[in-house]
There are 2 protein chains.
Amino acid sequence: MFGSRQFTSEVLEHCQTCSIRLTSVCSALKEEEIGGLAEITTLIKADPQETIFYEGDPADHLFNVTGGGVSMFKLLPDGRRQITGFLFAGDFLGLALHDHYSYSAEAITGATFCRFPRNKLEVLLDKYPKFEKRLLQTASNELAAAQDQMLLLGRKTAQERIASFLLNLSQRAMRRGQAGDKVDLPMSRADIGDYLGLTIETVSRTFTRLKKEEVIELPGVHEVVILDRAGLQDIAGFSAEDPVAAVAAF
Amino acid sequence: MFGSRQFTSEVLEHCQTCSIRLTSVCSALKEEEIGGLAEITTLIKADPQETIFYEGDPADHLFNVTGGGVSMFKLLPDGRRQITGFLFAGDFLGLALHDHYSYSAEAITGATFCRFPRNKLEVLLDKYPKFEKRLLQTASNELAAAQDQMLLLGRKTAQERIASFLLNLSQRAMRRGQAGDKVDLPMSRADIGDYLGLTIETVSRTFTRLKKEEVIELPGVHEVVILDRAGLQDIAGFSAEDPVAAVAAF
DNA sequence: CGGGACTTTGAGCAAATTCAACCATTGTGG
DNA sequence: CCACAATGGTTGAATTTGCTCAAAGTCCCG
């Protein structure tokens, strides 16, 4: 299913030194408990555009993204695609704990993961209620994000969508400890369109427009500089991804 | 905040005889455990259009809908509204467990609830891991539904949206033990529009069109009869709310 | 340096919206 | 009990936003 290299030997020490441990679901486990997770972990690497799993596949594994970027998406029979979310280092992949995946996932550029067998992870969840609680919290966050995205898709204009998207990416990058004003866009215009419910042309035109209005700068196709954050927030409709509220939730 | 009648006295026996207990989160608790939940429960009634809570309010309570219908929604500063979900008997209200509600909720027509103080419910969650597990499962289902809705809002046409919506309502009604071909639409056209990312006019026109195509019948404004389910599924794009897949998830 | 994939830009088009009028149902007061 | 106002729903015409189709530009990467 996917031609990924695996390297199980380094796993145990990996968890100890893992840079994203504190920002991921793993933070629910104490130093002496993390070994149980490490034991069932396989380190995985996916190439650019490589599919991690398909919608409808038996949901045998769950993942923690440790590097790179991932997109989750659903397809209509005629090929129309909706990306339901982008995941980056520290994000959990595989929520919606059903027998079968309800969406597909693929690497945007490259990506690395910790992969956990679902049945073994469930044993661990039973053993450590805090871990389960953390997962519920993660699911809650995902749910709130999904509701924001529904507002975006159902009611925002193209410009508002792009503005919201950039602010959202910027904010998440900041949480991962990166600069907030220089936003990395690892995904293609097609990916952005399929995430925001727009065509690539509209995405492109809207970027150009925001550039003309001097709200952003586009040093490269995969790079945006936010020149006027307040202006961008104003355009975005502001409420949904309000940084203050988002921080207060933690 | 809301002028609801409360009747605490009848609560204990209420849980024992509750008609939706088996289809709701309460099913996670055994006969001898349900008392703990009953103790912290207040029965609540909301009038038509009455707000249950506002986005941004401290999330002090969680709810279980026991009757009637509820809508959850988010607003943009200029008044545009996105309904993120409709809830009916047996559905849980208040997921996205944050300190503050991330959306507003109001009764469609009338509605009744069991209300639980959040802090007390959390004690119960710690005591009964099965209950917490059930809540995680519920959150998972919500998340999968949210992803279906993103596909709908981002990529489906007006006709596909209406068809998906009707099938979805029909399916949920069937799960509550009602007939599947006569679908009740307790909400207004405005509500439907705000849920599907359309205007009331487009909703109305699309209903008329489906009627002309003899896929549905409209005996009354709040009532739809599905004449050609296969045709409706065909229009809907089919994949997302495929009844088979949905049932397999349980 | 050339080819392919991706992105941008342009022109015309279409689906859904906006604006406006009309219709149906319901509830209220005379 | 009826008239009528109010609310909500439907239908029509014009408009608009974003889409489709098309062409040109840019950036990698061999």
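All heavy atoms count here, side chains included; hydrogens, waters and symmetry mates do not. Naming convention: chains lettered A, B, ... in sequence-line order (proteins, then strands); numbering from 1 in each chain.
Using a 4.0 Å cut-off between a side-chain N of Lys or Arg and a carboxylate O of Asp or Glu, B:Arg209 and B:Glu213 qualify as a salt bridge. Ion pairing between B:Asp194 and B:Arg80 fails under the 4.0 Å rule for side-chain N and carboxylate O.
For the pair B:Glu160 CD and C:dA16 P, the computed distance is 9 Å after rounding to whole Å. Residue B:Met187 contributes atom CE, which lies 16 Å from atom C1' of D:dG9 at whole-angstrom precision. The distance from atom CD of A:Gln49 to atom P of C:dC6 is 8 Å, rounded to the nearest whole Å. Between the CZ atom of B:Arg80 and the P atom of C:dT17 there is a distance of 13 Å, rounded to whole Å. Distance, B:Leu198 CG to D:dT16 C1': 16 Å, rounded to whole Å. Here D:dT11 presents its P atom at 10 Å from CZ of B:Arg189, a figure rounded to the nearest Å. For A:Arg155 and C:dT18, the CZ to C1' distance is 13 Å, given to the nearest whole Å. As rounded to whole Å, 16 Å separates atom C1' of C:dT9 from atom CG of A:Leu210.
Looking at residues two or more places apart in sequence or on another chain, you find a side-chain contact (heavy atoms from CB on, under 4.5 Å) between B:Gln49 and B:Glu106. Take B:Leu227 and apply the side-chain contact (heavy atoms from CB on, under 4.5 Å) test, not counting sequence neighbours, and it matches B:Glu217, B:Val225.
If you check every strand for non-hydrogen atoms under 4.0 Å, A:Ser188 touches sugar and phosphate atoms only. Using a 4.0 Å heavy-atom criterion, one finds that B:Gly197 contacts the sugar-phosphate atoms exclusively. Within 4.0 Å of A:Ile200, counting heavy atoms only, lies no atom of the nucleic acid at all.
Contact annotation: A:Thr199 side-chain N/O to D:dC19 OP1/OP2 distance is under 4.0 Å. Under 4.0 angstrom from either OP1 or OP2 of D:dG18 there lies no side-chain N or O belonging to A:Thr202. At C:dT9, one or more side-chain N or O atoms of A:Thr208 fall inside 4.0 Å of OP1 or OP2 (strictly under the cut-off).
Side-chain contact between B:Arg189 and B:Val221 is present, with at least one heavy-atom pair separated by less than 4.5 Å.
Position along DNA chain C of the nearest nucleotide to B:Val203 versus A:Ser204 favours A:Ser204 as the more 5'-ward residue. In terms of position on DNA chain D, the residue among B:Arg205 and B:His222 whose nearest nucleotide sits closer to the 5' end is B:His222. Ranked by how close their nearest DNA chain D nucleotide is to the 5' end, A:Thr157 and A:Glu201 are led by A:Thr157.
In the set D:dG18, C:dT7, D:dG9, the nucleotide with an atom closest to the side chain of B:Val221 is D:dG9.
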